[in-house]
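Notes follow the structure.
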Amino acid sequence: MKKFILIGFCLVLSFLLAYYGPTLTKEKQHVPETVLANERSLLRQQVFSYSEEPMSVYKLYNGQDLVAVVTDYDALQARIAKEYEDNYAEEYPGTSLGLGGELFFVKENVSYKVEDIDDQIFDYLLQDNHLGVTVTAIELSTKSGTYDVIYVKNIEDFYTARDRFLKNFVSEEALTRFRNREASEELTDYGTIETGVRIQETITTQKAVASRDQIFNDTASIYEYLCYGRETEREYYTVKEGDTLAGVGSYYHDMSPRQLMLINPDIITNVDQILEPGMSINVAYYTSPLTVVVTKERLSQEIIYPDTPEYIEDPNIFVGTEEVITEEVNGLKNVLREETWINGVLQPHEDIRSSVVTLEPVRAVIRVGTKPLPKVGTGRFIWPIDNPIITCAVGCYYGHMGTDVQNMYDRYGPVYAADNGTVVQKGFNGISGNYLVIDHNNGLSTYYGHFNVPPYVEIGDTVQRGQVIGQIGMTGLATGPHVHFEIRDGSTTNACEFLDCYSIPWAY
């Protein structure tokens with residue numbers, strides 16, 4: 001019996017020595033694979049031994065993946081701090097280095113001792129921008145969620161760039177007034193007044209870690225981002241002899257001289273600057289990540305055109321002769337509109353706040369030998385569109401021979417015959433797109449360019465003043481919907497010699 005007991009005791013002792021021997025004797029136990037508590041690490045790291053007493057360690061994770069177990073956490077943090085002092089402190093003073101991306105440390109209790117690979121862990125942190133500077137993150141969002149985040153070295157640079165960007169669309173005086181919550185002055189004279197400005201998106205700030213190549217280090221780079229977002233393509237124009245800021249801006253996206261100055265700060269310092277031939281100007285319109293909404297009130301004096309003249313037949317007057325009984329007089333009205341501009345573009349809606357007639361129109365009464373043929377012009381022209389605004393007059397850029405007009409509130413509205421006459425030309429070319437010429441049979445003719453579709457009338461048709469002849473468009477060489485309008489008398493094409501151009505707004 002004792003023999004069997006001795007044999008059993010030896011078997012138990014052998015099992016215990018086989019299972020606990022390495023721990024009890026402090027010998028290294030190498031694990032062939034890098035497996036730590038069922039976790040595989042991204043860096044190869046061996047477990048040396050196990051212990052019954054748990055030890056406190058720091059693990060480095062990249063997202064859900066274990067990178068490695070840190071042997072001396074305090075020493076690693078000291079090396080990170082030294083890296084900041086050596087390579088970042090001068091450029092980014094007063095901050096520190098932190099883990100970027102999805103990296104983070106977790107403190108855990110474990111029952112094993114691992115190989116010291118802290119040098120490899122530090123080298124891993126230096127790669128692929130895993131370490132970054134603590135800066136300010138600017139988060140841009142809408143109701144749908146965050147759509148972009150930028151990192152700025154100095155939050156004041158962002159506010160300076162933001163205000164400079166806003167001045168592309170609202171005056172500095174108005175911006176100051178809105179910021180101070182001062183009430184807008186009442187509009188008592190013709191013109192516009194800015195009544196509000198807002199950024200449609202939500203902007204929030206918080207501290208975050210970013211790598212060098214992610215950080216906007218100055219006002220200029222932030223301003224460039226606010227103008228064009230992540231878009232890197234630009235459009236440039238080479239100045240020719242006689243070019244002006246107004247002309248170049250009108251041709252390229254209807255930008256104002258002030259806007260051209262703000263996006264070309266290195267070469268254009270004021271809106272009256274004389275351009276030198278050969279200068280290369282950025283004319284790319286804004287592709288901003290921000291939506292700037294500006295509201296304005298506009299008080300304007302508008303023309304009320306009288307009805308077509310009344311013709312009274314008089315058999316005692318020779319055919320083709322006439323006698324004016326009552327002179328035609330255009331009426332006038334004061335119209336107050338509220339306008340909405342989004343990133344510098346007037347929105348195509350008409351919100352009339354008030355309209356007051358200040359002068360009633362007078363219809364002309366003319367005595368004629370017979371009822372005059374409508375193909376003979378009256379010699380009194382009307383603008384070919386409603387709500388006209390001059391965007392580019394004769395000579396506003398080199399070679400421009402007409403007067404470009406837009407409908408402020410209906411970009412693709414109707415086009416009217418400026419006077420009675422006969423259609424003598426209709427066609428399409430690469431500059432004017434769809435165009436039309438009306439002969440008024442009195443030595444004058446009118447030219448209309450950029451129709452959206454071919455004009456509604458045909459060659460040989462007789463048209464009357466105010467008759468719809470087509471639709472505003474931008475066919476041919478045009479960057480926006482408008483009518484290229486000319487009144488020709490054989491020597492001139494300048495409509496302003498026949499119409500009062502200064503009674504309607506100019507875009508520059």
Side-chain angles (χ1 to χ4, degrees), residues 190-192 250 254 296-309 328-341 345-363 377-378 380-393 402-421 433-436 438 446-457 463-475 478 480-487 495-496 498-508:
Y190 300 127
T192 61
S250 172
D254 290 329
K296 301 180 183 180
E297 284 187 351
R298 178 186 295 276
L299 180 62
S300 59
Q301 184 181 70
E302 300 183 8
I303 298 173
I304 307 173
Y305 293 107
D307 293 337
T308 301
E328 180 178 275
V329 178
N330 290 336
L332 296 172
K333 59 182 177 180
N334 289 341
V335 181
L336 180 65
R337 288 183 170 87
E338 185 174 70
E339 301 173 344
T340 301
W341 296 71
V345 178
L346 177 61
Q347 299 308 290
H349 75 280
E350 191 170 8
D351 187 2
I352 298 177
R353 303 284 297 278
S354 65
S355 180
V356 179
V357 176
T358 58
L359 179 64
E360 293 287 350
V362 177
R363 183 185 185 188
T378 65
R380 294 177 60 83
F381 293 94
I382 65 172
W383 287 106
I385 61 174
D386 295 319
N387 309 309
I389 179 173
I390 295 175
T391 58
C392 187
T403 302
D404 291 347
V405 287
Q406 284 183 348
N407 184 326
M408 292 179 65
Y409 303 106
D410 189 358
R411 289 293 182 92
Y412 293 92
V415 180
Y416 307 110
D419 202 357
N420 305 333
N434 294 308
Y435 72 92
L436 185 77
I438 298 174
T446 46
Y447 183 97
Y448 313 76
H450 305 306
F451 287 95
N452 193 36
V453 294
Y456 304 154
V457 292
V463 295
Q464 291 185 311
R465 185 177 70 174
Q467 178 181 334
V468 176
I469 56 175
Q471 182 190 20
I472 300 170
M474 53 182 295
T475 55
H482 70 279
V483 174
H484 176 91
F485 182 53
E486 300 178 14
I487 299 178
C496 293
F498 298 87
L499 287 163
D500 183 3
C501 289
Y502 295 97
S503 66
I504 65 172
W506 289 50
Y508 58 92

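What you see below is based on every heavy atom in this structure, not just the backbone, and it leaves out hydrogens, waters and symmetry mates.
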Could you tell me whether the side chain of His450 and the main chain of Gly473 form a donor-acceptor pair under 3.5 Å? no

Without swapping roles, check the side chain of Trp506 against the backbone of Cys392 for a donor-acceptor pair under 3.5 Å. no

Could you please spell out the steps behind the side chain to side chain donor-acceptor pair (under 3.5 Å) verdict for Asp419 and Thr378? CA-CA 7 Å; Asp419 202 357; Thr378 65; 3.0 Å; yes

Non-hydrogen side-chain atoms of Leu299 and Val335 separated by less than 4.5 Å: no

Any chance you could measure Glu297, atom CD, to Asp351, atom CG, to the nearest 0.5 Å? 9.5 Å

Look at the side chain of Asp307 and the backbone N and O of Arg363, then say whether any donor-acceptor pair between them is shorter than 3.5 Å. no

Expected output: side-chain Tyr305 to main-chain Trp383 donor-acceptor under 3.5 Å: yes

Restricting to non-hydrogen atoms, name the atom on Thr446 and the atom on Ala418 that form the minimum distance, rounded to 0.1 Å. CG2-CB, 4.3 Å

Just jot down the side chain to side chain donor-acceptor pair (under 3.5 Å) partners of Asn334, sequence neighbours excluded, or say none. Tyr190

Quick one: does any side-chain atom of Gln471 pair with a main-chain N or O of Tyr412 as donor and acceptor, under 3.5 Å? yes

To the nearest 0.5 Å, atom NE2 of His484 lies from atom OH of Tyr448 at 12.5 Å

Roughly how far apart are Leu499 CG and Thr403 OG1, rounded to 0.5 Å? 8.5 Å

Between CG of Leu359 and CD1 of Ile304, what distance do you get to the nearest 0.5 Å? 7.5 Å

Closest heavy-atom pair and its distance - Asp500, Ser503: O-OG, 2.8 Å

Glu339 and Lys296 ion-paired at < 4.0 Å: no

Among residues at least two apart in sequence or on other chains, which ones pass side-chain contact (heavy atoms from CB on, under 4.5 Å) with Pro348? none

Measure the CD1-CD distance between Ile469 and Gln464 for me, rounded to the nearest 0.5 Å. 13.0 Å

Does the side chain of Ile352 reach to within under 4.5 Å of the side chain of Glu338, using non-hydrogen atoms? no

Testing the basics here: between Ile385 and Asn407, what is the closest heavy-atom pair and its distance to 0.1 Å? CD1-N, 3.3 Å

Please work out which of the three classes, parallel, tilted or perpendicular, describes the rings of Phe498 and Phe381, given edges at 30° and 60°. perpendicular

Nearest non-hydrogen partners of Leu436 and Pro455, listed with the distance: CB-CG, 4.0 Å

Could I get the full list of ring-ring contact (aromatic ring centres under 6.0 Å, His included) partners for Tyr447, not counting sequence neighbours? Tyr435

Does this structure show an ion pair linking Lys333 with Glu360, if we count only N-O contacts that are shorter than 4.0 Å? no

Examine distances only and state if a side-chain atom of His482 and a backbone atom of Gly480 form a donor-acceptor pair shorter than 3.5 Å. yes

No-hydrogen, no-angle side-chain donor-acceptor test under 3.5 Å, Asn387 and Arg337: yes

Testing the basics here: between Val405 and Thr391, what is the closest heavy-atom pair and its distance to 0.1 Å? N-OG1, 4.4 Å

To the nearest 0.5 angstrom, please state how far the CG atom of Asp254 sits from the CD1 atom of Ile389. 9.0 Å

Considering only heavy atoms from C-beta outward, does the side chain of Val468 approach that of Pro414 to under 4.5 Å? yes

Between Thr475 (side chain) and Asn434 (backbone), is there a donor-acceptor pair under 3.5 Å? yes

Just by distance, with hydrogens left out, do Asp386 and Tyr416 show a side-chain donor and acceptor under 3.5 Å apart? yes

Can you name the side chain to side chain donor-acceptor pair (under 3.5 Å) partners of Arg380, sequence neighbours left out? Glu328

Answer yes or no: is there a side-chain heavy-atom contact under 4.5 Å between Pro505 and Ile390? no

Residues passing the ring-ring contact (aromatic ring centres under 6.0 Å, His included) test with Phe451, sequence neighbours excluded, are none

Can you name the nearest heavy-atom pair linking Val329 to Pro306, along with the distance? O-CG, 3.8 Å

Sequence-distant partners of Thr192, side-chain contact (heavy atoms from CB on, under 4.5 Å), two or more places apart: Arg298

Derivation and outcome, side-chain contact (heavy atoms from CB on, under 4.5 Å), residues Ile438 and Val463: CA-CA 8 Å; Ile438 298 174; Val463 295; 3.8 Å; yes

